[in-house]
Amino acid sequence: MYARSRWRTRGAVVSRVLLATLIALAVAVPLAGPATAAPSNQPGGTSGVLDSAALDQLQQRAAEVQKDLRAQQAEVTAARKALAEAKAGVTAARQAVADAEGQLAKQQAVVASYASAVYRDGGSLTPLTLLLSGGDPGDVLTGMGYLDVVDRHAADVIGAAEKLRQAALDQQRRAKAALAKAQQRADEVSARVAQLEAAADAVTKDLDAALDVVDRQLAQLQKDQQDVDQRTAANWKAYVAQLNAAGITAPTAAQLLNPESELPAGLVPVAARSGGAQRGAAQLPRQPTSLLVLPVETMQAVTAAMGALGRPYAPGTSGPESWDCGSLVQSVYAAAGIALPGDQAGLFSVTVPVDRADVLPGDLVFLGSSESGLGHVGIALDPKTMLAADARAGAVVVRTLPTDEVLGIGRPSLGQRAPVAAPKPKGGALRVECGNTVYPPSYGGERGWGGYPNGLIPPSAMCPLGVGNHQLRCDAAAAFRAMSAAYAASFGGPVCVTDSYRTYASQVRLYGEKPALAAVPGTSNHGWGLALDLCGGIQNFGTAPYQWMVANAGRFGFLHPTWADPGHGREEPWHWEYAGT
């Protein structure tokens with residue numbers, strides 16, 4: 001940790017020689033500042049638990065069951081497909097038999113009609129009846145020839161129909177055999193699925209027990225985070241009181257722009273690591289430590305930021321109930337009279353940079369990497385600590401400043417520079433916003449967070465939506481509440497929700513009921529606490545509520561994934577996901 005300096009104004013103009021001497025002394029004399037409480041290396045809020053044997057066991061057991069179920073899923077799908085095809089084959093065979101028997105019946109009816117006509121004309125027509133009729137011998141011969149032709153035709157017609165019927169019956173027998181085989185395979189697969197489902201159901205008790213341990217650990221981490229936040233706020237308050245007790249009225253930012261040439265009476269410059277004096281800061285020399293003095297605008301901004309500690313993180317919001325990292329910085333400095341952009345890239349673009357070694361309270365810290373580019377902005381409290389609306393924590397927290405991720409330090413009290421481009425992702429890397437990855441609508445990978453397995457998110461890491469008993473990860477819940485309020489302004493009521501977070505146990509139950517349709521337990525999008533199924537008109541493409549979501553949901557971090565759009569195989573207008581992760 002490091003102490004922070006404070007400053008104070010007094011009477012007398014200091015000469016350049018004395019200033020140079022004091023600047024040199026400032027390197028050796030420590031500055032007294034608003035020391036923070038020691039934060040953990042990982043922010044609390046809704047973020048992951050630190051090293052946890054229970055969490056490791058939870059992940060391992062869940063992975064084992066999921067592996068078996070996932071391996072079985074392909075067999076389930078294939079068996080169900082083969083069974084459906086066999087059933088279709090039997091149906092087709094039955095229809096073929098029916099058609100053949102119908103054709104045979106028609107031919108038999110023709111022959112029967114002929115026989116009936118002969119009967120009406122004097123009985124059965126045979127060669128004997130022709131001879132006994134006593135007709136002309138030529139007529140007898142002609143009649144007998146006609147009879148032969150008719151008999152042969154009748155035999156041909158009925159024979160052909162009978163062959164068709166026998167072929168259809170053979171097809172039916174083969175189809176029934178195929179159906180029996182497919183049914184046997186499906187039964188065997190169903191039996192294996194039942195065994196796996198029973199195993200999954202049984203292991204959920206062990207998983208729930210481990211989850212209870214993890215939840216207690218998380219609750220303790222959250223309590224620790226709250227303690228850090230509260231002690232940091234108390235330290236800042238004590239620092240302000242120390243300034244007041246020393247009789248210091250914080251100077252304006254303009255009064256500290258040229259510390260080597262002009263400063264309020266009684267104050268001297270703060271030495272820069274590279275030599276000379278730091279712009280935008282001063283100090284009150286005293287023993288054993290000098291007191292750091294910051295511009296009044298910076299003091300007001302940091303004080304306002306302290307008041308936001310504990311509020312939820314939610315993209316697209318700008319307080320007072322929830323914030324994103326850029327809007328928090330913009331808002332607290334706006335309240336102090338300094339206009340800034342409201343996004344991390346815009347802040348990086350215009351904020352005047354200072355050397356990393358010269359970071360002071362109120363400076364902006366820009367985090368990221370060479371691959372992902374700029375990914376976060378927070379407010380420095382000292383060289384090791386920052387305050388930020390942190391996406392991974394899901395809240396405004398005091399957290400450790402990761403020095404290996406610092407892309408730059410900026411000082412808002414120095415005005416603005418000519419805009420420069422913020423570092424962007426390279427080589428296909430996903431964009432990072434406020435400390436966590438933002439996934440595109442077409443992203444197909446797992447969206448795990450905090451180190452928790454799918455469907456096994458600790459209750460302490462979840463927050464209510466304000467609709468029924470539905471809940472999501474806390475930042476997603478805060479974003480939903482903000483979105484729902486905006487939706488209500490247009491439609492007179494909140495967003496309607498039918499499904500939100502699905503526990504591992506509920507996924508197991510659903511898989512047992514619909515193994516061919518339900519996701520393998522531990523793979524459902526709902527198991528991450530980041531997906532919603534909506535109603536109230538949103539469940540239908542083209543409605544006014546659906547179109548409102550299309551136009552506005554993105555402002556709050558929600559998206560409709562491309563796989564659920566029309567023409568992509570699985571049309572689900574009701575399914576929306578929080579991507580502000």
Side-chain angles (χ1 to χ4, degrees), residues 1-6 31-52 55 214-242 292 294 298-299 301-314 319-325 328-329 332 359-365 367 376-406 434-436 449-451 458 460-463 473-475 478:
M1 298 325 297
Y2 109 35
R4 307 189 177 152
S5 35
R6 333 232 165 197
L31 293 175
T36 62
S40 67
N41 290 328
Q42 181 174 330
T46 58
S47 68
V49 178
L50 299 176
D51 293 340
S52 164
L55 179 58
V214 173
D215 189 49
R216 289 195 296 271
Q217 291 175 330
L218 177 59
Q220 183 60 50
L221 181 65
Q222 290 176 326
K223 182 180 182 301
D224 292 344
Q225 179 69 66
Q226 292 171 357
D227 290 344
V228 167
D229 292 346
Q230 291 171 0
R231 282 182 283 152
T232 301
N235 288 343
W236 177 260
K237 186 176 180 180
Y239 164 61
V240 174
Q242 188 179 8
L292 175 66
L294 299 169
T298 301
M299 297 288 295
V302 175
T303 299
M306 292 289 175
L309 284 171
R311 296 291 185 181
Y313 164 88
E321 296 302 320
S322 60
W323 306 88
D324 67 26
C325 58
L328 176 64
V329 171
V332 298
V359 62
L360 293 175
D363 288 348
L364 302 189
V365 182
L367 305 178
H376 206 350
V377 61
I379 299 172
L381 300 179
D382 61 38
K384 296 182 180 180
T385 314
M386 62 184 282
L387 181 155
D390 193 275
R392 190 165 181 269
V396 180
V397 296
V398 174
R399 56 161 294 178
T400 299
L401 194 162
T403 55
D404 58 335
E405 297 177 16
V406 175
C434 298
N436 227 342
W449 56 273
S460 296
M462 308 294 286
C463 287
R473 192 175 77 181
C474 288
D475 55 340

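When all heavy atoms of Tyr313 and Asp390 are compared, the pair lying nearest together is CB-O, 3.6 Å. The two residues Met299 and Trp236 come nearest to each other via the heavy atoms O-CZ2, 3.7 Å. The two atoms that bring Cys325 and Ala389 nearest to each other are CB-O, 3.4 Å, heavy atoms only. Closest non-hydrogen pair, Val398 versus Thr385, comes out as CG1-CG2, 3.3 Å. Of all non-hydrogen atoms in Val214 and Pro458, the two that sit nearest each other are CG1-CG, 3.7 Å.
Leu387 has its side chain within reach of Leu328: a pair of non-hydrogen atoms, C-beta onward, lies under 4.5 Å apart. Side-chain contact between Leu309 and Val396 is present, with heavy atoms from C-beta onward closer than 4.5 Å. Between Cys434 and His376 the shortest side-chain heavy-atom distance falls below 4.5 Å. Side-chain atoms of Ile379 and Val332, non-hydrogen and from C-beta on, do get closer than 4.5 Å to each other. At least one side-chain heavy atom of Leu367 sits under 4.5 Å from a side-chain heavy atom of Val406.
Looking only at distances, no side-chain donor or acceptor of Glu321 sits under 3.5 Å from a matching main-chain atom of Pro312. For Asp229 (side chain) and Val397 (main-chain N/O), no donor-acceptor pair under 3.5 Å exists by modelled atom type.
Partners of Lys223 according to the salt bridge (Lys or Arg N to Asp or Glu O under 4.0 Å) rule, which considers only residues two or more places apart in sequence or in another chain, are Asp227. Scanning for salt bridge (Lys or Arg N to Asp or Glu O under 4.0 Å) contacts around Glu405 gives an empty result, with sequence neighbours left out.
For the atom pair Met386 CE and Arg399 CZ, the distance stands at 5.5 Å (nearest 0.5 Å). Atoms CG and CG, from Leu360 and Asp363 in turn, are 5.5 Å apart once rounded to the nearest 0.5 Å. For the atom pair CG of Leu221 and CD of Gln226, the computed distance is 10.0 Å after rounding to the nearest 0.5 Å. We find the CG-CE distance between Asn235 and Met306 to be 8.5 Å, quoted to the nearest 0.5 Å.
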